[in-house]
Amino acid sequence: MNYSPVLTAKSRHLFAKLLDYTQGKNLPKGKSLHAHLLKTGVFPSCPFMSNTLVNFYAKCHLFSEAHLAFVQISYKDTVSWNCLINAYSQLSLRCYSLSALELFKQMLQHHTLPNSHTFAGILSSAAMLEDSMIAQQAHSFVLKLVDSYDVFVYSSLLNVYCKLGDLISGQKVFDEMAEKNSVTWATMISGYASQRLTKEAFSVFRMMTAGGGEGVNEFVLTSLLSALVSSEFVDTGKQVHSLAVKTGLLSIVSVGNAVLTMYAKCDSLDDAVQAFELAIAKNSITWSAMITGYAQGGIAPNELTIASVLKACSSLSALEQGKQVHAHVVKNGFSLEVPIGSSLSTMYAKCGSLDDGNLIFTRMPARDVASWNAMISGLSQNGLGIKALELFEEMQLEGARPDYVTFVNILSACSHMGLVDRGWEYFKLMSDKFGEAPRIEHHACMVDILGRAGKLYEATEFIESATIEHGLCLWRILLSACRNHRNYELGAYAGEKLMELGSQESSAYVLLSSIYTALGRLHDVERVRRIMNLRGISKEPGCSWIELKSQVHVFVVGDQLHPQIQDVRSGLWRLSKLMKDEECSSILEELV
DNA sequence: GTAGGGTTAG
């Protein structure tokens, strides 16, 4: 069946909607439009509607859906292939770059002619893989198939040569380009910067700004700043810094980070610290840069700075960097008093290095409540709940006064170990002995304790008698517990409460509708879905990643793409079987 | 009518 290339007014309207959903990553609406297009036969026979659908799933990061839609398209044209190839190459992960190249091979085998859009993606995959063979092959393809000097393709080509360290070829491509834009300039500058060719990087920048400062953006500035790598450039660095202020670009986090790093590399640690303290936006890179700056600078920061850097290490679980700071503490002869001792033990405990944390903790001349809390929570989170409770007793013997955080920690320890009575005991002790009114966190812990232990009606009664605001999260915890214990009636009750209270969490709605499905109440399933749509709540695809040998592996729900996905699945199956005996398989069942 | 390129740390 061939589809007429001319769209009716109605189809044109639907097409505009699909584009709209793609931009807004509106998964539920896009999916229901997909179903409609399938019913009317527009998908998979209408080429550009189908291509847009592939792109829609790719933009929503549902790659298996995108792949499936792509496979189903009746007549795959160049754009169909490009949608999928570029979706993979944009992920900037080695395994997906390989998938992009594999698709390109298949595209050629299907006698589909690639065009400039194809090469933009293929070249960025080649850059990701730092594969010079692929780069050269793609280059000769470009010379044959892309007639004009397409600025996208040539920027990618320039980029791949820069990544390979071949600045001769890079400069040649750069010179040949008829049209240059900010991306081109930034790429050329960063190419020279990465080879520590500071003079060349700056001469490119001067060429760029010769006709006024147009086109200077955050990419250009960060690239330029990265070229300033030693103290001889500190004055130049200050000029670039002031340019960043003048243009207002300093408020962008990447620019702020680059300024900080520049000062640290130019041995101007005071300026780096000032840049850090004045930074409007900070992220993990900011902290990382500051820590490295201290580590390389050899200048001893004061106690409070060390403490705040250690705190950053804790929240980022940055054990290696935390150790670097510890080395500084030792080298510069700081004592283990508060705040340094406290933040050090906290850092080790939060990073899961309990023995080191405990060592610091016991050596401290005096401990503040934060160090007690950190050790207690470290023990509890690493499966040593009994030890956590013992430490709580020890804390009281030493005369330290527990605060509300302490109680959150010991209640969650009780929850992990299934200690219902102890939980109640501590919950009451909190107000009776220490005059601390239980907060929402403590209520949440209690619901969790009761829920895990299967005391679902007691938990319900607890929630309904609680005189505390934000009861929403309590019902949410109960709902999960009901699902785990397969008490669907009570689960439906909790779910209805959540909807009534106007929960915005997609997972609550999904759970509730799955409970109604299990109960066979299909019109209720429909009702929940309707309310969810009405309130504009969409289900974000679950995504997780781990780092192995400096390579990040990403997994999305329904993933078919990871090269070892079969091994991962069979591994999960094995684990699930093992866990069946332990009666906790419900968590894994959803994964497999 | 649908698809594309670049930066900062370690």
Side-chain angles (χ1 to χ4, degrees), chain A residues 5-7 11-16 18-19 22 46-56 58-59 66 70 73 76-87 89-90 92 100 114-128 146 150-160 162-163 173 177 179-191 193-194 215 217-228 244 249 252-262 264-265 279 281 283-293 295-296 316 318 320-321 324 547 550:
Chain A
V6 185
L7 286 181
S11 298
R12 202 181 296 275
H13 173 72
L14 291 178
F15 185 63
L18 185 53
L19 284 178
T22 305
C46 169
F48 43 86
M49 192 78 102
S50 305
N51 292 342
T52 309
L53 199 63
V54 172
N55 189 43
F56 163 76
K59 286 288 177 309
F70 168 80
I73 296 177
K76 297 177 191 60
D77 58 13
T78 302
V79 179
S80 319
W81 289 94
N82 287 351
C83 285
L84 210 54
I85 288 174
N86 289 321
S89 45
Q90 278 163 26
S92 300
N115 65 8
S116 59
H117 290 257
T118 324
F119 293 116
I122 289 305
L123 283 164
S124 84
S125 289
M128 178 74 226
V146 182
D150 185 299
V151 67
F152 282 86
V153 174
Y154 276 74
S155 294
S156 303
L157 203 49
L158 170 59
N159 178 243
V160 79
C162 288
K163 285 275 152 29
V173 169
M177 290 177 75
E179 184 196 337
K180 294 179 175 73
N181 63 19
S182 310
V183 176
T184 325
W185 293 105
T187 308
M188 191 72 253
I189 292 170
S190 96
S194 66
N217 64 9
E218 70 265 39
F219 296 106
V220 173
L221 278 191
T222 46
S223 305
L224 195 62
L225 283 160
S226 74
L228 304 166
L249 293 168
I252 297 172
V253 65
S254 59
V255 177
N257 290 346
V259 168
L260 198 170
T261 308
M262 178 274 293
K265 285 197 172 159
N283 60 12
S284 62
I285 293 177
T286 323
W287 290 97
S288 174
M290 192 67 252
I291 294 163
T292 311
Q296 289 168 351
L316 297 167
E320 283 312 309
Q321 282 143 344
Q324 280 185 41
E547 195 182 325
S550 303

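Here is the naming used below: chain letters follow the sequence lines, and residue numbers restart at 1 for every chain. Because the structure is predicted, anything quoted here is derived from the model rather than measured.
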Please report the distance, rounded to the nearest Å, between [atom1] in [X] and [atom2] in [N].
{"X": "A:Leu228", "N": "B:dT7", "atom1": "CG", "atom2": "P", "answer": "17 Å"}
{"X": "A:Met128", "N": "B:dT7", "atom1": "CE", "atom2": "P", "answer": "11 Å"}
{"X": "A:Ile73", "N": "B:dA3", "atom1": "CD1", "atom2": "P", "answer": "13 Å"}
{"X": "A:Asn159", "N": "B:dG6", "atom1": "CG", "atom2": "P", "answer": "5 Å"}
{"X": "A:Leu225", "N": "B:dT7", "atom1": "CG", "atom2": "P", "answer": "15 Å"}
{"X": "A:Lys59", "N": "B:dA3", "atom1": "NZ", "atom2": "P", "answer": "7 Å"}
{"X": "A:Ile189", "N": "B:dG6", "atom1": "CD1", "atom2": "P", "answer": "16 Å"}
{"X": "A:Leu53", "N": "B:dT2", "atom1": "CG", "atom2": "C1'", "answer": "11 Å"}

[X] vs [N]: side-chain N/O to OP1/OP2 distance below 4.0 Å:
{"X": "A:Gln90", "N": "B:dA3", "value": "no"}
{"X": "A:Asn55", "N": "B:dA3", "value": "yes"}
{"X": "A:Lys265", "N": "B:dA9", "value": "yes"}
{"X": "A:Thr292", "N": "B:dG10", "value": "yes"}

When rounded to the nearest 0.5 Å, the distance separating CG of A:Leu225 from CG of A:Asn257 is 11.0 Å
So OG1 of A:Thr118 and CG of A:Asn115: to nearest 0.5 Å the spacing works out to 4.0 Å
Check this for me: does the side-chain of [X] come within 3.5 Å of the base of [N] through a donor and an acceptor?
{"X": "A:Ser156", "N": "B:dG5", "value": "no"}
{"X": "A:Thr222", "N": "B:dT7", "value": "yes"}
{"X": "A:Ser116", "N": "B:dG4", "value": "yes"}
{"X": "A:Asn181", "N": "B:dG6", "value": "no"}

Describe the nucleic acid contact of [X] in one word from base, sugar-phosphate, nothing, applying a heavy-atom distance below 4.0 Å.
{"X": "A:Val151", "result": "base"}
{"X": "A:Thr52", "result": "sugar-phosphate"}
{"X": "A:Val153", "result": "base"}
{"X": "A:Asp150", "result": "base"}

Does the [X] side chain pair with the main chain of [Y], one donor and one acceptor, at a distance under 3.5 Å?
{"X": "A:Ser156", "Y": "A:Ser124", "answer": "no"}
{"X": "A:Ser288", "Y": "A:Ser284", "answer": "no"}
{"X": "A:Asn159", "Y": "A:Cys162", "answer": "no"}

According to a cutoff of under 5.5 Å between the ring centres and under 30° between the ring planes, does A:Phe152 stack with the base of B:dG5?
no
Quick one: which of [options] gets closest to the side chain of [X]?
{"X": "A:Asn86", "options": "B:dG6, B:dG5, B:dA3", "value": "B:dA3"}
{"X": "A:Gln296", "options": "B:dG1, B:dG10, B:dT2", "value": "B:dG10"}
{"X": "A:Phe15", "options": "B:dT2, B:dG4, B:dA9", "value": "B:dT2"}

(Q) Does A:Thr292 form a side chain to side chain contact (heavy atoms under 4.5 Å, CB included) with A:Thr261? I'd like the steps, not just the answer. (A) CA-CA 9 Å; A:Thr292 311; A:Thr261 308; over 6 Å; no
